[in-house]
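Just so you know, these numbers come straight off a predicted model, no measurement behind them.
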Amino acid sequence: MSSNTHDTSAPKRVKHESPLNHYLSYIVSILLTMLAFAVVLYGDLDRSFILIFIVTLGIVQAVIQLLFWMHAKERGHLFPLIFIAGGAFVALTCVIMAVYWVWW
Amino acid sequence: MAHAHPVKKHHTGLMDWLTTVDHKKIGILYLLAGGFFFLVGGLEAILIRIQLAFPDQHIFIGDSFNQLTTMHGTTMIFFAAMPVIFAFMNAIVPLQIGARDVAFPFVNSLGFWLFFAGGILMNTSWFLGGAPDAGWTGYAPLSTIQDTGWGQTIENNLQGTDFYVLGLQIAGIGTLIGGINFLVTIINMRAPGLTYMRLPMFTWTAFITSGLIVLAFPAITVALVELMFDRIFGGAFFDAARGGNNVLWEHLFWIFGHPEVYILILPAFGIISEIVSTFSKKRLFGYSSMVFATVLIGFLGFMVWVHHMFTSGLGPVANSIFAIATMAIAVPTGVKIFNWLFTLWGGQIRFTTANIFATAFIPTFVMGGTTGVMLAIPAADFQYHDTYFVVAHFHYVIVGGLVLGLFSGLYYWWPKMFGRMLHEGLGKLHFWLFFIGFHLTFFPQHFLGLMGMPRRVFTYQPGYDLEVGNLVSTVGAFLMGIGTLVFLINIIATQRKPKTALADPWDGRTLEWAIPSPAPEYNFKQTPLVRGLDALWKEKMAGNKEMTPAEPVGSIHMPSSSILPLVMSVGLFIAGFGFMYRNYYVAAAGIVVTFIAMFLRSVYDDHGWHIEPEELEDDKGVKA
Amino acid sequence: MSTHHTGALPANPETATLEGKNKVLGFWLFLGAEVVLFGCLFATYIALRNSVPDGPTAQEIFKLKTVGWSTFILLTSSLTSVFAIIAMHRNKLGQLLSWLVVTVLFGLSFLGLEIYEFVEYVHEGHKFTTSAFSTSFYTLVGFHGAHVAFGICWITLLVLQGLKKGLTVVTAPKFYVAALYWHFIDLVWVFIFTVVYLMGKVGQ
Amino acid sequence: MSALQPKGPVASEQLYLMKLSLFIMVFVVIVVFAIYVYVLIRFRKKAGDDSIPKQVEGSHVLEIIWTVVPILLLLVLAVPTVSYTFKHSTNYTKDKAAVHVKVTAHQFWWQFEYPDLGIATAQELVVPKDKIIAFELVSADVSHAFWVPSLGGKVDTNPGITNTLYLQADEIATFQGRCTELCGASHALMNFTVASKSEADFDAWVAKMKAPATVPATAQKGEELFKENCMSCHAVNANGPGVAPNLKGFADRDTLAGILEHTPENMALWIKDPQDQKPGNKMPAFGKKAGGKLDDAQIKDIVSYLQTLK
Ligand code: HEA
Ligand code: HEA
Ligand code: CUA
Ligand SMILES: [Cu+2]
């Protein structure tokens, strides 16, 4: 596509990303996971609270990984985000359907 | 720039078509295959109508009738309508956005061959013990039950639904990657200056439709996988005895199925927008609200699927919520209808065949849409559901909407695709036969439904006032058939004439009319610079003869053709048969073939080839 | 543009060419479709997870210890694939490929654990055909497992290609996309251990 | 059989909704048609007129009008929609005043049980007039749907899931019912009837169904054959559901297998080769020609026995 006009040859400042962020998200992920396991194994709490709690932890962890590890927070990720969000929306409708339908 | 690239490997004849990665040729392939399946599906419809012409006939009864119905619906939706839409997206979208190619030419060709393999696989069922017979909706457990005991009329029709499952699965993958291809093409490959709010309406609808494909097709993939697991590996998804649930299938099918109907209709909306605006010589009225309405319809389309399941027993809460959401879609759709009417308003309307089809679309679609809103009332749908009223509704929106739109697009873009103009007189004959036939066929069906005729029945009893309506309906179907034959004659007659079509025969407004007809292999000699909505019209009004180029003439990079997409599809085709006949060696062999082709594709980089400036067609003839 | 691999590699080699850009974007869209795919599988599982007319229930069979290890392994493999991409951005082919190999090894051990787990379950009478719960369980978790297996083959192939072709604007998008895929698998697993195993343990 | 001629409150209310919505839709269609026809006539290109029309971008006023008016129309429609949706989904299965019927759909016949009365019948549902009939519906095999257009529609029967529905008949009459979910080869033939009777007639019917069958001497031979060949599937006293239609009261029915006229000739035809009448149904053929083991005389005996099943 030599002639397509998207300008890609503009010099970009070479910037090395630091792995610090990635270590951090790794540690956070591990912590969130351990917390979830711990609540289920040892938490003597209300059942529905546990359910909501661990699902929330899962979502938080997923968002962190999406943003940091998959670089979705960086520029130029508009359409990726739209489609992941769109997918999540459809997936969520499916899940809500299943939950509604089993519990009502 | 062009150092040491191989020249194009010139395949000719059949090999050229089997290996092509040129989006224009793939578009033609989609059109041929889709057109073929339209004839097959239409023939099935005619047979359905013959059986129902009079009460108590014994031509196609029991399972044979169910096979006709199932295959008619499935073929028309997946193997006729979708491919013809893809034909237009391939042939037109890259031209409308001023691109030389699509983002993934190889994937594009793979998408075509997968669809074709799936379609052929499904239709081989006719010769291999009987076609699928559980309706195009394939409701479980009718579709999972494999042995219905002594009573099977067609011997051992156990495999039928396997053809449905595997055929749709293979074709579905093709459609999904096709959708991704068009999204990326439209996002990344627009000509300079072509901002989103300057995109031609057809490209917008192709964009949203592709988005819907990407988000809706995985649902049917999952549904089909579950059905396949139940049928082939003894799974319990839909087996009530083991805790399975048949309503789950209905949910998954319709989570896909409803967006699917908007996948079908949105491109037709786009086609109508282009044609109405061209032939009234006006810009599209309310362009931005058109865009917004398209997006909104796409979005709402995901939240209404339960309206197909009002009678499944989900309860009044779910039914009410989905009823309101469904009705809401009438609003953006109405915006479109009125925008078209006001595009025509004050214009200089020319009644070419393309525009006759396009303007006939408007009232017909409104009739179908309004019966849709009637269906959206759950308590009333308790009466309509699964009757001929529903059949009438969806043929009004599909045949009176989508199919009229597609015919309109064919007359409009035929010169751009083939370099020849279809005959206008024959075109008008085609229109009148088809249009009158259409209303004769489907208008009486509203009343048949209300008078108690369920759908998917192979007969009805005399004495309930159903005779006249059914007979009229059958006569109408024959008229539609004759109309279609006239169209075929038109094509054949046109094909024998020389390629004399002008670059811009209709006084067009969008970029595809700025290049010769048919479009050269590289589309644009120089990428055009876009300065506004209706880019070509804008230049014409500014007194320019052609588009302003955005780059100097240079050598043009082209992708190499490849046989691998066909090989991959054949691999899956073979694997499909392996699964159906429970021969896992064959299944494995087929998959291995596909994987080897994928491996080769990954390992050997395609460097493409170049067209040098001196080889470019001298398209001085192009006038803006 | 596809042939500009003379001289230094640009800072983001994966999106330096239009082909690369297209590939990365196209892959993201594919992941959007995968979200729906797994969403539907999750919905199925959630709807059927308590439908056990016969055979063991989730609470009876799940062993959180194996799952904990699997989770740890997969999470770590996701981190190593991040390292691979960082190495790629620094134009260090050797490091890139080594990290990918490490990732593959983690993936293999995850897969090994999963197979071991499935075999155990089958011994306990939790077969694919036992109940709607078991069918939906194996389908959901198995789909994820199949994704892992595919990823392992894919990345292995890329490592071999990397050895042969080096790091160019043609190969860089492939590495990048494979890493995205691997992260996505990890992300799905987060929901699997939450929804399938932890919620299964909590009971209905 | 038409939904346009309601014979009960549910169907009447549904017809009201249909009319209301039709009214709104006709209004919409007329507006569109009017603009459409005007535009096509008024703005066709005249020969020789090559002027370029004004390139109108849009009009906010117009666009607001055609967004707001449909919204208003839909709101008008939405209110009765929601209220009747709730109303027609009311669950009367626990209501003491209602008549309770459990419907089980089979490929390709209907079984009706009256749990409160302890009787079961098939193909012909009998109900008292002016009373709410509360249905519980399930399927024994694939999905079917239970529809009596004159009384109101319709609900699916799913295997393993019980749905509810209520209907009521205002007249003494016989109504046609249909299966409306594709359920296999003879989906088209899965008809049934609903007979509404006066309270007294209904009670008499119940009493008769509960009374034990008396077999006249002339039918003894047929009874023997029936016990030998048919009893494994068909019951002849009304107290139990089964794998085949309960034949108690069969002689009083108007139809045979839901689709055939109730004549001795048809009965013989049916027993000889049911597949010929209803492709794919689950009753084996008994006639010698169709591979069964009964000769014409035996079948005749059985038919005369069947005619005694009052
Ligand atoms: C191209 C395909 C297509 C399209 C565009 C539509 C459009 C719509 N459909 Fe249709 N539908 C189908 C294809 C389609 N449908 C198919 C194939 C089935 C059957 C599947 C099967 O079971 O096999 C079906 C079935 C179906 C049902 C289920 C019926 C049943 O099985 O019981 C329902 C119920 O709500 C429904 C509703 C609608 C609505 C509300 C719209 C709306 O989008 C229509 C909106 C348009 C208008 C309303 C007209 C223009 C608007 C105005 C002029 C503004 C003013 C209008 C008002 C104020 C009302 N459709
Ligand atoms: C894109 C979708 C589409 C299209 C275009 C059509 C087009 C037509 N359909 Fe329909 N139809 C469906 C989608 C579509 N249909 C679906 C989804 C169902 C539901 C299925 C189900 O219940 O599962 C259905 C069901 C359906 C039924 C109800 C069947 C039943 O419930 O039992 C009927 C009955 O009249 C019917 C008729 C027609 C007719 C007469 C046409 C006509 O418009 C067709 C016109 C075309 C022709 C007549 C072709 C002419 C060509 C020739 C004659 C030449 C032949 C030559 C060769 C083959 C070489 N269709
Ligand atoms: Cu039972 Cu259709
Ligand atoms: Cu719909």
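- When heavy atoms are compared at a cutoff of 4.5 Å, A/Phe83 approaches chain B by way of both its backbone and its side chain.
- The aromatic ring centroids of B/Phe299 and A/Phe89 lie less than 6.0 Å from each other.
- For B/Ile255, the part lying near chain A is the side chain, with the backbone staying farther off; criterion is any non-hydrogen pair under 4.5 Å.
- Note: A/Phe53 and A/Phe49 have parallel aromatic rings, judged against thresholds of 30 and 60 degrees for the angle between ring planes.
- Taking the ring axis of B/Phe237 as reference, the NZ or CZ atom of B/Arg242 does not stay both within 45° of it and closer than 6.0 Å to the ring centre.
- Aromatic ring orientation, B/Phe256 versus B/Phe217: perpendicular (interplanar angle above 60°, classes split at 30° and 60°).
- When heavy atoms are compared at a cutoff of 4.5 Å, B/Ala318 approaches chain A by way of both its backbone and its side chain.
- Distance NE2/B/His610 to OH/B/Tyr522: 15.0 Å, rounded to 0.5 Å.
- Contacts between B/Leu183 and chain A at a heavy-atom distance below 4.5 Å involve the side chain alone, from C-beta outward.
- Contact annotation for B/Val317: both backbone and side-chain heavy atoms come within less than 4.5 Å of a heavy atom of chain A.
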